[in-house]
Structure formats: structure tokens, C-alpha cells
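Shown next, in C-alpha cells, is the structure this report addresses.
The basis for the numbers below is simple: all heavy atoms, side chains too, and nothing from hydrogens, waters or symmetry mates. A, B, ... follow the sequence lines: proteins, then strands. Residue 1 opens every chain.
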Amino acid sequence: MKYNFSQIEEKQQKLWEEKGIFRLDDRNAKHPYYCLEMFPYPSGRIHMGHVRNYSIGDVIARYKKMQGFDVLHPMGWDAFGLPAENAAIKHGIHPAKWTYENIDYMRTQLKRMGLSYDWSREIATCDPKYYKWEQLFFIEMLERGLVYMKKAKVNWCESCQTVLANEQVEDGLCWRCDSEVVERELDSWFFKITEYAEELLSGCDKLKGWPEKVLTMQRNWIGKSVGAEIDFPVKDRQEVIKVFTTRPDTLFGVTFMSISPEHPLALELAKGTGHEEEVKKFVERWKAALKSERYGQTEKEGVFTGSYAVHPVTGEDIPIYVANFVLMEYGTGAVMAVPAHDQRDFEFAKKYGLPIKVVIMPKDKTISPEDMEEAWEGPGILVNSGRFDGLDNQEAKKKIVEFLEKEGKGKGKVTYRLRDWGISRQRYWGAPIPIIHCEKCGAVPVKKEDLPVELPFDVEFDPSGRSPLPQIESFWKTTCPKCGGPARRETDTMDTFVESSWYFARYVCPDDDTKPLDKERVDKWLPVDQYIGGIEHAILHLLYSRFFTKVLRDLGYLSVDEPFDRLLTQGMVLKDGAKMSKSKGNVVDPNTMIERYGADTVRLFILFAAPPERDLEWSDRGVEGAHRFIQRLWRLVTENLDRLTKTDYSKEELSTLCKDNKRLKAIRQKTHQTIKKVTEDIEERYHFNTAISAVMELVNEISAALQDKKAVNTDAFWKVLKEALEASLLLLCPMIPHVTSELWQLLGHDRLIAQEPWPKHDKDAAKKDSVVIVIQIKGKVRGKIEAPAGADQEEVFDLAKHEPNVLKYIEGKEIRKVIYVQDRLLNIVV
RNA sequence: GCCGAAGUGGCGGAAUUGGUAGACGCGCUAGAUUCAGGAUCUAGUGGGGGUUAUCCCCGUGGGAGUUCGAAUCUCCCCUUCGGCACCA
């Protein structure tokens with residue numbers, strides 16, 4: 001019988017669908033388990049990254065199902081986004097048509113992989129039935145003050161013709177098209193993610209099932225700093241400049257102040273000081289510089305404004321400088337400069353000949369301004385700090401803040417690097433923001449009963465990439481929900497990351513037309529037990545989803561604090577050491593591979609070639625190896641089918657049969673050890689590569705056993721062999737579901753293998769009765785002996801003494817020490 | 001600069017708690033089968049030595065250390081990848 005994979009795979013997939021074995025009745029589920037892979041953007045066709053992502057998820061879902069869990073394993077489409085619009089401009093296809101055609105094609109591709117999805121829960125985020133609820137959330141968030149509009153300097157990408165969130169700007173370039181990001185002033189809507197900064201940060205500590213790497217990235221992104229905000233009055237003027245510092249302990253070391261070129265007072269302070277021209281030039285030069293040029297290790301530069309601030313404690317005059325390294329977006333846009341204890345201030349002071357004043361003395365050395373070559377940023381004892389002299393600097397932080405608060409000159413403050421999430425996009429293919437602008441009433445939310453605000457279908461696309469929505473009068477021309485007067489509908493759409501921030505919850509109740517989330521059902525299934533996806537979403541998607549979950553909790557839609565209990569970030573699929581990409585021409589197309597070798601082979605290769613979190617190097621040879629293994633397994637069963645189908649076995653019978661037959665016992669032992677190992681590898685570590693190699697070893701042993709023509713004649717042999725083969729099939733079922741399912745049927749089983757319970761190893765059968773013990777002399781291996789399992793030190797030592805090679809080393813020598821590790825090793829120190 | 005991860009044969013990788021380094025797979029070598037190729041099967045495969053033995057030495061990026069024993073723990077250094085990056 002030939003291994004006709006395409007026929008087998010088609011047949012099995014049809015069977016699974018007909019029997020509906022992966023459809024979940026979520027309400028009656030007793031043992032819920034939610035396994036989710038990041039849903040794809042319908043770009044056109046699936047790539048190897050998807051294949052890897054979904055293969056990993058499928059193993060987990062199928063394994064859990066066999067373990068007796070009711071597994072929620074859904075799939076859907078992150079269907080809004082720019083490529084659809086670009087296709088519309090380039091090829092004249094409507095974004096909706098383009099998107100839905102891609103979805104249809106990619107769905108058949110996924111189905112061809114034999115993934116165990118409950119397709120009845122499929123979601124496309126561009127469906128008004130989905131984004132309607134998102135618009136509802138927007139309005140409810142607005143009611144709670146979690147959404148606001150402001151004229152804001154936004155990151156604008158000229159090529160994409162839209163605004164980008166901070167998270168979407170990388171080194172001053174657009175994350176999507178790598179073109180220069182410029183600043184623009186626009187009315188924009190923001191989600192107040194900063195309101196949750198503290199909870200998002202402290203929540204990281206509770207995410208035990210997340211990779212440390214992702215948590216670190218999130219913590220850094222949130223960027224909490226504890227310090228103080230201190231008021232520095234400007235000399236002879238009304239204004240007060242607030243600075244933020246994490247080092248209030250160095251307050252007495254302030255010798256000048258630096259403010260950002262964007263600071264509202266930058267030009268003001270220079271007026272009439274004789275420095276006006278200089279400052280103006282400096283600020284203009286800075287503003288003209290591209291955002292990308294302001295990044296990196298540019299030389300620290302600045303100019304004196306001619307004005308002075310007054311030190312809040314000492315009353316000293318503090319010259320105010322405009323400096324290129326001070327960011328307006330962080331803190332207050334002004335910093336107190338302490339050159340002795342801050343490297344940047346130190347460099348700046350050296351360059352412009354400003355005084356340096358030491359106020360923190362390290363414990364093990366003395367530093368002085370004259371011979372310092374760099375700032376001392378470490379700990380120490382306060383000096384030159386008036387009444388605070390002699391305090392440890394950590395202690396001084398608290399004391400100085402307390403003092404400032406009492407004097408009304410400052411206060412303790414925490415700042416975050418995290419910015420509010422700008423969600424306005426000047427694009428067509430996204431969820432409309434449910435707002436109506438009225439001249440009289442301002443920005444008014446659409447009435448909830450009028451939702452969804454649907455995207456108009458008949459639109460013309462401008463080759464410039466500009467959104468067509470402001471051109472469509474029938475869309476924007478409306479009346480104010482409040483006063484009924486003429487009004488203009490918001491024509492911006494929401495960032496597509498909004499859709500992906502809550503889809504995992506909607507999967508639980510996609511059939512509910514009355515409300516976005518059915519709390520009872522959602523609470524039963526959330527958090528997602530296992531989430532799987534690429535590391536590239538470490539910040540954006542995963543942080544937004546965490547934020548949204550907390551918002552939905554506070555809006556009363558669900559009860560959990562965090563969306564994803566465990567997170568697995570899979571590595572990339574590489575070819576020739578580089579990420580697969582069209583430009584590099586190293587793309588391997590999943591379709592080609594599946595046609596040539598079948599889905600089982602592709603899945604097996606991907607799971608076997610590397611553990612999931614590591615990058616995976618694609619190897620055509622490796623794929624052939626995986627295919628060879630499946631063929632061997634196929635032959636092993638089909639070539640002995642007659643004998644196997646005639647054979648029956650029971651557990652009790654097997655243990656009796658094996659009692660006196662060393663050979664059979666060894667096979668059975670391997671079978672049960674393999675069950676144990678595979679279970680542990682999948683359950684505890686998701687190391688599918690070692691799980692597969694363990695089954696390969698078992699299959700190798702079965703093949704070897706079949707070489708012994710004498711043994712092949714006994715009934716006992718076939719009973720043991722059948723158990724071994726069936727265990728192999730069950731253990732491999734999550735990875736290569738089609739071929740194992742087919743073979744399972746051929747062996748005469750009525751039930752599908754995917755519905756079988758996961759095998760349990762028999763402790764007695766797995767137990768070895770003799771073990772190989774390594775004999776070391778002074779830590780070097782000098783021999784191996786076979787000893788009964790569980791033998792004590794004396795017994796093993798006795799046996800070891802009879803080994804000639806061991807004897808050679810211990811003869812005539814004094815034995816100083818003997819170390820014995822049960823069933824493993826004996827080390828004799830002479 | 002800071003943070004994180006990693007470095008093991010020709011290659012992908014294994015060694016889960018400090019206990020036989022190199023499982024499993026690829027590749028390679030030899031043999032069997034075959035007109036030939038492919039496929040399949042058998043044996044071998046870290047390096048060196050060798051009296052060919054159930055042998056010896058070296059070997060997990062480099063150097064030191066702890067230990068009876070280190071790929072694994074500690075310290076220092078090197079390299080690669082990823083993230084953040086003038087964050088006050």
C-alpha cells in the first residue's frame with residue numbers, strides 16, 4: 001500500500017469536518033482550555049511563519065483535547081489595514097473585495113494544513129458586526145474619560161498619508177514603509193493608556209507564563225521613573241520652570257538648567273537679554289532637523305538664554321540654557337543640571353565652561369571637580385548640601401522631597417515613558433470613529449442605537465493615498481445627535497490595533513448579536529490559557545491587549561485582569577540564515593511544500609527542526625528526512641496490517657507475557673518510557689523536537705525488532721509490537737494528524753484517533769530492572785557495569801571491583817572516598 | 001551605553017535536578033540490492049593517539065575558580081542576535 005498523502009489528507013480532513021469533532025459547545029464544556037494563535041492579516045497567502053505558528057498551536061490544542069479538555073481553538077482575520085487600500089489604488093479592486101478574496105484563499109490554505117479549528121467561530125474584524133462593538137467601547141470609554149481628543153503633534157508618514165502611534169515609529173521612520181516620519185498638528189483621538197501605566201507595569205510581575213524577554217520589553221516601554229518635580233522660579237520674572245528629576249538628592253549640585261528647544265519659554269526667556277538672536281537661530285536649526293537626525297549620538301549643544309533661575313533652596317542664580325538633548329515629550333521639557341553627577345550635564349558643563357559642584361561623595365574615594373573625568377553617578381554621602389550633609393544619598397532623596405513639599409517648592413512625582421495611544425488614522429479601510437462634530441455642541445458621540453457607523457462602500461480611491469472618506473458627502477454630512485443641527489461626521493478611522501486588542505474575547509461568543517461580550521461565557525474562558533505568536537508583537541499588540549482587557553473589565557464586560565495566561569513567542573523561519581522575504585528571494589512557499597510532501601511532513605519538519613521559541617533554519621533536506629520518517633511509519637503498519645489487525649492485547653496480558661521474556665520486556669519498557677517522555681516534553685516544555693525524536697527512537701526499535709525472524713512468529717511478540725505501534729501513533733497524532741488518523745482506522749478502530757484519550761504510561765512496565773552504571777575513578781569514566789536497578793553502593797562497588805579496567809586504577813591505591821548516585825554512577829576517589 | 005537571549009561535531013539540534021557530552025535528524029563514508037539512477041536496508045561517522053582493548057589523551061566561544069565530578073554553578077573576557085537608547 002502506497003503512502004498517498006494527498007488522498008489521505010483530503011479524506012481525513014473531510015471526515016473531521018463531517019463529524020464536527022473540533023466544534024466546541026462552550027456552554028456545556030466541563031474542562032475549558034483556550035488555545036489561541038495570533039490571527040493573521042489576510043495579506044494574500046500564508047507564509048512559513050504562519051505555518052509554524054499554527055502548527056505549534058495545533059499540537060497544543062490537539063494534545064489538550066486528547067488530555068480530556070474542552071478546547072476552544074478559534075481562527076479569524078485581522079482584516080482592516082493599509083495593504084487592502086493600496087491594492088485598491090494600484091489595481092482598482094475594492095478593499096473589501098480584495099480582503100474577502102484573500103480570506104477565502106487563505107482559509108483553504110489553513111484547512112489544507114489540517115488544523116483543529118472550530119471554524120464556526122470565525123471572525124473578520126472588517127465586518128460591521130464586529131467593529132460595531134468596538135465603536136460602542138469607544139463611546140463608553142469616552143463617557144469614562146478614557147478617550148479624549150486634542151490637537152496634537154502627531155507622527156505623520158507622508159508615504160502612508162496617515163498618523164502613526166509612538167509604538168509605530170522606529171528610529172524616526174515609519175514601521176511599515178521606512179520613510180521619514182514628520183510632525184504635524186492634527187485633531188486626534190487618544191486612548192488614555194497612561195491611566196493604566198502603573199497596573200500594566202505591576203501586572204508584569206504576575207505574568208509567570210510569559211517570556212522574561214517580553215516582560216522586560218514591556219517594562220522598558222512603560223518606563224517608570226520615580227523622582228520629584230521641583231519648581232525653579234525665573235529671576236526677575238513671573239514664570240516658574242518645573243523640572244523633573246530622579247535625583248532630588250543632587251539638588252544642591254545644580255549649577256545650571258537646560259530646557260528643550262521646544263519648551264514654550266525657550267524664546268521668551270531670551271527676549272531682551274542680548275541673546276535673542278542666538279537662541280532663535282539655535283531653535284530654528286533644531287526644528288529644521290529631521291526627526292531621524294535628532295536621534296543617535298549627536299553632539300551635545302546648547303546656548304545661554306541670558307536668563308537665570310533661582311535655586312529653590314540656596315537662592316543662587318542658575319543660568320538657563322537651551323540644549324539639544326532635552327526632550328519636550330518627557331518630564332517637563334526642562335532639567336536641572338548637575339554636572340558632577342550626570343554624564344550628559346558633565347559633558348555640557350565641560351564644553352561651555354560651567355561650574356561643577358560635587359554633592360555626593362562616594363564611600364571609597366574622594367572626588368573633586370578639578371580632576372573628575374566623568375560624572376559620578378553612583379551612591380554616596382551628601383556633602384555641600386547644607387542641612388542634608390552626611391546623609392546617605394538614598395535617604396536624602398526622601399528627605400529632600402519631604403523638605404520641598406513642606407516648603408511648597410516641589411513634590412514627589414512618578415513619570416512614565418508611555419504615551420497615550422493615538423488611534424486616529426486618516427484612512428478608509430478601518431473602523432470609523434463614532435463621533436459627530438457639531439459647530440455648537442463640539443465632538444458628540446454617535447447614539448449607541450445608531451451603531452454601527454458603517455463604512456460607505458461606493459468610494460473612489462485617490463492615487464495620492466489620501467482617504468476618500470472626507471470626499472463622500474453622504475457619509476460625513478449628518479445631523480448632531482444632541483441639537484439636531486447640521487454636523488459633520490468624523491472621517492478618521494481607528495488604528496487597526498484596536499481590533500486586535502479584544503478579538504480573543506469575542507471568539508467566546510461570536511454568535512451574540514445583542515452585546516459585544518457575554519460576561520458569563522467570557523469569564524469561563526478567559527484568560528487565554530496559551531497564546532502563541534511572533535516576538536514582533538512583544539510591545540504593540542500585547543500591550544494594547546492588556547490595556548483593553550483592563551478597560552473592558554472596568555466597563556463591566558469581563559472579570560479578568562490579564563488576557564493571556566501563558567505566552568509562547570515562536571522564533572522566525574529563516575532560509576540561508578536570513579528571514580524569508582521577497583526582496584531577498586529566499587521565500588519557501590508553503591503551498592509548494594504541502595503539494596510535494598503533504599501537510600503532515602511540513603508540520604513534522606517544522607516541529608522537529610528546532611524548539612518553538614528559537615529561530616528555525618529551513619532545510620529542504622530536513623523536510624525529506626521528515627517525509628522519510630512518515631513513510632517508514634506508514635510501511636511499518638501497512639506491511640504488517642494482516643497480522644496486526646488479527647492481534648488483540650490487554651494491559652494485564654502484556655505484563656504477564658513480558659515477565660519472562662527479556663526481549664519483549666525491553667520493547668514494552670521503551671514504549672512506556674516514550675509515552676512518559678513525550679508527555680513531559682509537550683506538557684512541561686513544549687519541546688516538540690525532543691518529543692518527536694523520542695518517538696523516532698521507539699519506531700527505530702520496532703523496526704529492529706521486526707528483523708528478528710524467529711520472534712516474529714509468536715503471538716506475544718505481535719501483542720507487544722501492536723501496543724508499541726499504537727502508542728507511537730497516539731503520541732504523534734497532534735503533530736501529524738492525517739497519517740496517524742488513517743493508520744488508526746486501518747488498524748480497525750472505529751473512533752477517530754483525535755478523539756482517543758492521550759496514552760498514560762504504565763510505571764511498572766516503564767521500570768528498568770537492570771541499569772548501566774558508570775564507574776568513575778577520580779571523576780573519569782573507566783568502566784560501565786550492569787547492575788540491578790536500585791542496587792546500593794556496596795553492591796555496585798563490589799561489582800565494580802571485578803572490572804579489570806577499574807581494577808587497574810584502584811589496585812594498590814588507598815580509596816579516599818566513594819560517591820554513589822543511585823542507578824547512575826559510582827565515583828571512586830583514590 | 002543599558003537590558004535580554006544565545007555561543008556544543010560538517011549542519012539542525014539533545015543532554016529536564018551538577019552525574020556516560022553529542023540523543024534524534026540531516027549530510028558524509030563503505031557495503032548489500034539495482035543495467036544505471038533513485039528508493040530501501042546494513043555498518044560507520046567529534047579530533048588525535050594506539051600495543052586495536054571493555055584502551056588512552058583532548059574536546060561544549062576564551063581564561064580562572066568551586067566540586068569527587070561542570071556544557072550546566074561563580075567571576076572576568078570575547079563574539080553573535082534581539083530590544084531600548086540623550087528618559088533627566
Would you mind pulling out the nucleotide paired to [N], Watson-Crick or G-U wobble, both distances under 3.5 Å?
N: B:G59; result: none
N: B:A85; result: none
N: B:C35; result: none
N: B:A21; result: none
N: B:G44; result: B:C28
N: B:G7; result: B:C78
N: B:U16; result: none

Without decimals, in angstroms, what is the distance between [X] [atom1] and [N] [atom2]?
X: A:M572; N: B:G12; atom1: CE; atom2: P; result: 16 Å
X: A:K579; N: B:G82; atom1: NZ; atom2: P; result: 11 Å
X: A:E617; N: B:C81; atom1: CD; atom2: C1'; result: 14 Å
X: A:E536; N: B:G82; atom1: CD; atom2: P; result: 13 Å
X: A:I539; N: B:G82; atom1: CD1; atom2: C1'; result: 11 Å
X: A:D615; N: B:G7; atom1: CG; atom2: C1'; result: 14 Å

Report yes or no: is the cationic atom of A:R417 (NZ for Lys, CZ for Arg) closer than 6.0 Å to the six-membered ring centre of A:W221, at no more than 45° off its axis?
yes
Under 4.0 Å between a Lys/Arg side-chain N and an Asp/Glu carboxylate O for [X] and [Y]?
X: A:E347; Y: A:K351; answer: no
X: A:E377; Y: A:R247; answer: no
X: A:K409; Y: A:E229; answer: no
X: A:D231; Y: A:K242; answer: yes
X: A:R596; Y: A:D620; answer: no
X: A:K213; Y: A:E613; answer: no

Identify which nucleotide among B:G4, B:A14, B:C68 has an atom closest to any side-chain atom of A:V829, counting heavy atoms from C-beta outward.
B:C68
A:V326 has its side chain closest, among B:C57, B:A88, B:C41, to B:A88
Looking at every strand, decide which applies to A:P211 at a 4.0 Å heavy-atom threshold: base, sugar-phosphate, or nothing.
nothing
Is B:G65 in the syn range, within 90° of 0, or in the anti range?
anti
Kindly indicate whether the side chain of A:K817 and the base of B:C68 share any N or O donor-acceptor pair separated by less than 3.5 Å?
no
Check whether any side-chain heavy atom of A:Y686 sits under 4.5 Å from a side-chain heavy atom of A:I56, and report yes or no.
no
Quick one: is B:A88 close enough that its OP1 or OP2 comes under 4.0 Å of any side-chain N or O from A:T415?
no
Tell me whether the OP1 or OP2 atom of B:A85 has a side-chain N or O from A:R417 closer than 4.0 Å.
yes
What pairs of nitrogen or oxygen atoms, one from the protein and one from nucleotides 19-26 of chain B, lie under 3.5 Å apart?
from	atom 1	to	atom 2	distance (Å)
B:G19	N2	A:Q776	OE1	3.3
B:G19	N2	A:N827	ND2	3.3
B:U20	O2	A:K784	NZ	2.9
B:A23	O2'	A:E697	OE2	2.8
B:G25	OP1	A:N700	ND2	3.3
B:C26	OP1	A:R628	NE	3.1
B:C26	OP1	A:R628	NH2	2.8

